[in-house]
Amino acid sequence: MPQPFYITTTLPYVNADPHIGFAMEIIRADTIARVKKLAGHEVFFNTGTDEHGLKVYRKAKEQNIDTQAYVDGLSAKYKELLPQLGILPEIAFIRTTDPRHKKAATEFWNKVNAHGFIYKKAYSIKYCVGCELEKTESELIDGRCPLHPAQDLETIEEENYFFKWSQFQEKLLKFYEANPTFVIPEFRFNEIKAFVARGLEDFSISRLASKMPWGVPVPGDETQVMYVWFDALVDYISTLGWPDDEASFTKWWVKTGGVVQYCGKDNLRQQAAMWQAMLMAADLPPSKTIVINGFITGDGGLKMSKSLGNTVDPLEVIREYGTDALRYYVLRELTAFEDSPFTLEKFKDAYNAHLANGIGNLTSRILKMVTTYGITLSEEEKSIRYYTVEIADQFTDSFDLSKKAGEVWQKIAMLDEHIQRTEPFKKIKTDPEDAKKDVHAILVHLYEIALMLEPFLPATAVTIQNLIKEHKMPEQPLFMRK
RNA sequence: CGCGGGGUAGAGCAACGGUAGCUCGUCAGGCUCAUAACCUGAAGAUUGUCGGUUCGAUUCCGGCCCCCGCAACCA
């Protein structure tokens, strides 16, 4: 029996509507989860929403609504998006405002504190609301945050709790060395190693509740709430039922050797260094792998922004082209780890070339011959499986889904070429028996393509499999040309 | 010297010490089973720039130039 497998996305922060980047991240994680599942692994797949912190608190105030009501609304939006993206229905959805999460965050804090890694310190520091980060003098230009020059810095003078991150520099470096594929891709791993090697500073992990009450209360000190990062990262274990459900935690976190975490490149430090140090401080095992995605950009590699008008709404794409078309694009056409552009023109080109003219047309031409000539698959041929533990391991070795999807389309191209070369549609007139044998062999290949396609385009894969089993032509093209 | 990514055919990407492949697009031909689809062929790149190492560099090293992200919707 294959080992259980645990994979999670980062929790999107609910200060805006879901965007294409989150769609990409969760579709990729979903594909890995599906591959593992098809190979026979038991899979725990997690996502959810990160709902605390100053930005959310302010946004709700701005709109003059209750903070809880505000996050309820946005969290629901994210949850409703999942089926539209073709995400496995059994996915776990943890909210950082869930009581069980807050309980876990509290317990986590207690453990880290008991081990002596939390201390209280008075400090006065410039804080940039835009970054949600403290700024040191060296980071400022003319006394302003260079990233948010229009925004006044806030001076925070208060007693906060700090996490002794500085104590984990050596441990982290050792851990990285012992786990040479901990962060994927390698250039991101180098980046975080260099960052940690430069030295770590303790970071503040609480806020004064009188200023910013929207957070998990610090245990034993009702004047403070936890800093949003400290509480949010705990979601990867709170979703498993930690600390109450020991069996679940052992199964999914300990026996699997840790979680596979998908995240964007802006999350490198938090996931690969802060969170790992926090786990060490709580005396819990580390994550297994951190996979860092690039960003989706607009045309020419420019950042997507509303002011440039080059944003892409995932729901709009789905409405026009369908779920699997969006999945295809973020899995195959966008580069695996670098930034890559998403424009509707590029999308349409890829859609026509590889979905309409590719798998869609191939299915039609084969099934036309199959139904006309009366070709069927045997029970044995219909019961084959494609995904094995070995193949699934290839996926989690490289996490290069674009390459893996490419293998499917290579097979599609080969089949198109094969049909052209052997011309069974001609041969049927001269040597029908032989032609039927050819078409049968072709059908077996199409069936295998449908199996390979399952984690990538789950709906399309099932449609093709059913058409073959029911011996039918598609009533309308699988992917209409646009 | 803040950190990081990148500059390869019209576009998006590969490759990697032995003068460059893929996909899309373009052009020509073929086929008719198919969604005006599919197949074949062609055109199209002095691999940002200067210098070094080398028998030989796009690939290694150094300098320079340019673009982009690290803000605003942050994964």
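Since this is a predicted model, take the numbers as computed values, not measurements. Just so it is clear, the values below take in all heavy atoms, side chains as well, and ignore hydrogens, waters and symmetry mates. Every chain is numbered from 1 and lettered A, B, ... according to where its sequence line falls, protein lines coming before strand lines.
Using a 30° and 60° split on the angle between ring planes, A/Phe182 and A/Phe175 fall in the perpendicular class, above 60°.
Between the A/Arg327 side chain and the A/Pro455 main chain, a donor and an acceptor come within less than 3.5 Å of each other.
Taking only side-chain nitrogens and oxygens, A/Arg481 comes nearer than 4.0 Å to OP1 or OP2 of B/A37. Close to B/C74, at under 4.0 Å from its OP1 or OP2, lies a side-chain N or O of A/Asn15.
Nucleotide B/C27: paired with B/G41 (Watson-Crick or G-U wobble, both distances less than 3.5 Å).
Per the geometry, CG belonging to A/Leu415 stands 17 Å off P belonging to B/A34, to the nearest Å. Rounding to whole angstrom units, CD of residue A/Glu191 and C1' of B/G2 are separated by 13 Å. For the pair A/Lys265 NZ and B/G5 P, the computed distance is 10 Å after rounding to whole Å. Distance, A/Lys403 NZ to B/C13 P: 16 Å, rounded to whole Å.
Considering only the side chain of A/Ser364, B/U35 comes nearest among B/C74, B/U40, B/U35.
Residue A/Ala353 is in sugar-phosphate contact alone, with no base atom involved, counting any heavy-atom pair closer than 4.0 Å across all strands shown. Using a 4.0 Å heavy-atom distance criterion, A/Tyr262 is classed as making no nucleic acid contact. The residue A/Pro341 sits close only to the backbone: its heavy atoms come under 4.0 Å of sugar-phosphate atoms, none of a base.
Taking 4.5 Å as the limit, every side-chain heavy atom of A/Thr49 sits out of range of all side-chain heavy atoms of A/Thr97.
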Practice item. Take A/Trp275 and A/Gln270, measure what side-chain contact (heavy atoms from CB on, under 4.5 Å) needs, and give me the verdict at the end. Key: CA-CA 6 Å; A/Trp275 171 230; A/Gln270 290 87 336; over 6 Å; no
